[in-house]
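For reference, the structure is listed below as structure tokens.
All values reported here derive from a predicted model rather than from experimental measurement. Just so it is clear: chains get the letters A, B, ... in the order the sequence lines come, proteins before strands, and each one is counted from 1.
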There are 2 protein chains.
Amino acid sequence: MGKPDLEEVGEQLKKAVSAKEFITLICLCEADYVGRARSFLEKGERLLIIKEDTSFLIHRPSGLEPVNWQPPPNYVGVTVNREHIVLTVKRVRLSEKVIVRIHGVKSIFSGKLEDKGVFQMYLSEKEISEILRRHPELVEEGFRVTSVEAREKTGVVDIVGVDANNRRTIVEIKKDRAGLEAVRQLARYAVGTGPSVRVVLLAPGVTEGAEKMLRRRGMEFRRISMLDLTKILTREKGVENSCIKRFL
Amino acid sequence: MGKPDLEEVGEQLKKAVSAKEFITLICLCEADYVGRARSFLEKGERLLIIKEDTSFLIHRPSGLEPVNWQPPPNYVGVTVNREHIVLTVKRVRLSEKVIVRIHGVKSIFSGKLEDKGVFQMYLSEKEISEILRRHPELVEEGFRVTSVEAREKTGVVDIVGVDANNRRTIVEIKKDRAGLEAVRQLARYAVGTGPSVRVVLLAPGVTEGAEKMLRRRGMEFRRISMLDLTKILTREKGVENSCIKRFL
DNA sequence: GATTGTATCTCGCAA
DNA sequence: TTGCGAGGTACAATC
């Protein structure tokens with residue numbers, strides 16, 4: 001695999017950009033960003049990605065996050081001169097742009113990618129509230145759901161229902177251990193409801209400070225097991241889903 | 001550029017992974033994720049990235065964000081059989097993994113990338129408070145800074161100072177238009193300070209709801225111009241910085 | 001290790 | 001378009 005010539009690469013880039021192809025470029029470059037903030041990235045070897053929807057990313061050799069990026073839609077411009085290729089990526093809606101000067105190219109790919117595969121995530125907060133709607137006893141014995149994702153004045157409450165004593169009960173779900181922010185959010189929902197309404201935080205765990213705050217405000221915490229929920233999901237929806245089939 | 005053979009690619013992958021090289025792979029694949037949640041991604045053409053620190057990303061042809069990822073450090077495993085390559089990326093610290101089955105490869109790159117370039121960002125909240133420390137009159141005529149990034153009981157306050165009347169003043173900076181969350185944060189800082197302390201939110205703008213909440217709680221809003229701050233930065237630090245030089 | 005606050009957060013949803 | 005909350009948020013600083 002020979003090192004691609006800069007001018008050739010420039011031509012390929014121009015064509016690929018106008019054809020809205022998926023492009024990856026491993027190259028020596030420097031980059032400026034101006035927009036909500038300003039940044040400058042000195043010369044070095046990185047991976048550039050231009051996606052079919054003009055999403056743009058610059059990745060360094062290490063670190064999960066891109067060092068520069070632009071969400072779509074963007075105007076993408078390519079200009080070539082003797083010394084380098086200049087790539088300009090400017091957001092359509094915002095005054096925000098990244099300018100890359102490319103000094104040398106190690107590898108380039110461009111082409112249309114075929115990806116119609118469905119991406120399915122399980123056990124998001126939405127999924128959980130769905131399960132709990134069908135199995136209200138997991139919230140509490142005698143609990144009945146009256147509405148899911150109810151739009152209250154103060155925000156969207158995951159579950160609203162009544163308990164065994166017909167007391168109105170607001171249920172907030174957290175997938176992760178609940179922290180202070182979760183309690184604050186719940187407290188906002190509970191504003192003005194008075195002591196006749198129960199407020200319950202449902203999560204796999206709760207931080208120490210969050211539990212204290214809950215108690216202080218007369219709210220309740222109840223633990224739920226994500227594994228139990230997943231097992232229910234598996235039992236009810238079957239195991240045709242390869243993810244669950246493979247890992248449970 | 002011929003379509004690489006699966007077995008050859010598998011061998012290259014194994015070598016590159018053990019040599020901790022930077023790897024990009026454009027391939028037909030499907031992926032499972034199990035960890036904090038669960039997900040399954042059906043077959044399709046995507047870009048896989050394995051970085052030198054084992055950061056792992058799967059990018060679809062469109063959309064800024066990766067569809068699957070794993071922050072470093074990871075164990076990366078490669079196994080090859082007749083039908084496909086199986087890539088296993090498991091986080092070292094968490095019980096969380098992504099498994100990719102690769103059915104065909106359109107393009108592969110692997111190699112060490114040389115990137116010592118410095119990345120410098122300007123006008124983060126930190127930068128702004130630095131400027132304001134040197135130019136307290138931008139906060140308010142007669143304002144004097146007593147401390148920057150002061151650690152209070154309730155959190156880190158951007159700037160603490162006294163106004164022309166020697167009244168203690170807490171200043172919170174937001175780079176973007178300030179919303180409700182900013183006001184809530186500020187309110188937490190102000191808890192228990194009483195009316196003798198002024199609380200000021202400094203931002204390029206404020207949302208309607210946030211302004212109402214500010215007024216209700218007796219706090220103040222003051223507009224700052226990011227452009228003015230940048231001009232000061234340029235005047236004081238000179239224009240040796242290419243980012244500023246090029247765009248101001 | 002757990003918690004907290006920030007982010008050029010991104011993204012989706014609703015008013 | 002703007003506001004607002006969710007995220008497998010990631011990440012750094014701090015306790």
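- Of the candidates D:dA6, C:dT6, D:dG8, the closest approach to any side-chain atom of B:Trp69 belongs to D:dG8.
- For the OP1/OP2 pair of D:dC4 and a distance below 4.0 Å, the side-chain nitrogens and oxygens of B:Thr207 include at least one atom meeting the criterion.
- When all heavy atoms of B:Gly179 and B:Thr207 are compared, the closest pair comes out as CA-OG1, 3.6 Å.
- The phosphate of D:dT2 (OP1 or OP2) has no side-chain N or O of A:Arg93 nearer than 4.0 angstrom.
- D:dG8 and D:dC4: their P atoms are spaced 23 Å apart (whole Å).
- Of the candidate nucleotides D:dA10, C:dT10, D:dG8, D:dG8 has the atom nearest to the side chain of A:Met121.
- Here, C:dT6 and C:dT10 have their C1' atoms 14 Å apart, quoted to the whole Å.
- Between B:Glu65 atom CD and D:dG7 atom C1' there is a gap of 10 Å when expressed in whole angstrom units.
- To the nearest angstrom, P of C:dT8 lies 7 Å from CZ of B:Phe119.
- Taking both residues in full, the closest heavy atoms of A:Val145 and A:Arg133 are given as CG2-CA, 4.1 Å, listed atom of the first, atom of the second, then distance.
- Residue order along DNA chain D, read from the 5' end via each residue's closest nucleotide, puts B:Gly179 first among B:Val67 and B:Gly179.
- Of the candidates C:dC11, C:dT6, C:dT8, the closest approach to any side-chain atom of B:Lys174 belongs to C:dT6.
- Taking the nucleotide of DNA chain C with the nearest heavy atom to each of B:Gly63 and A:Ala37, the more 5' of the two is matched to A:Ala37.
- You'll find a donor-acceptor pair under 3.5 Å spanning the side chain of B:Gln70 and the base of D:dG8, going by distance alone.
- Rounded to an integer number of Å, the gap from A:Arg91 CZ to D:dT1 P is 12 Å.
- Atom pair B:Leu41:CG and D:dG8:P shows a separation of 14 Å (rounding to whole Å applied).
- The one candidate from B:Leu202, B:Ile173, B:Thr169 that meets the side-chain contact (heavy atoms from CB on, under 4.5 Å) condition with B:Val139 is B:Leu202.
- As rounded to whole Å, 13 Å separates atom C1' of D:dG7 from atom CD of B:Glu96.
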Just list the side-chain donor-acceptor pairs under 3.5 Å for residues 208-217 of chain B, sequence neighbours left out, or say none.
none

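- By the side chain to side chain donor-acceptor pair (under 3.5 Å) test, A:Arg91 is found to be paired with A:Glu96, residues two or more places apart in sequence or in another chain being considered.
- Nucleotide C:dG5 holds its P atom 6 Å from the CZ atom of A:Arg184, rounded to whole Å.
- Note: CZ (B:Phe56) to C1' (D:dG8) measures 14 Å, nearest angstrom.
- Nearer the 5' end of DNA chain C, as judged by each residue's closest nucleotide, is the contact made by A:Gly35, out of A:Ser55 and A:Gly35.
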* Just do the side-chain contact (heavy atoms from CB on, under 4.5 Å) check on A:Arg184 and B:Arg184 with the steps written out, would you? => CA-CA 10 Å; A:Arg184 280 189 208 112; B:Arg184 280 189 208 113; 6.0 Å; no
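- Of the candidate nucleotides C:dT6, C:dT8, D:dG8, C:dT6 has the atom nearest to the side chain of B:Glu172.
- Heavy atoms of B:Leu180 sit under 4.0 angstrom from primed sugar atoms or phosphate atoms, though from no base atom.
- As rounded to whole Å, 15 Å separates atom C1' of C:dT8 from atom CD1 of A:Ile99.
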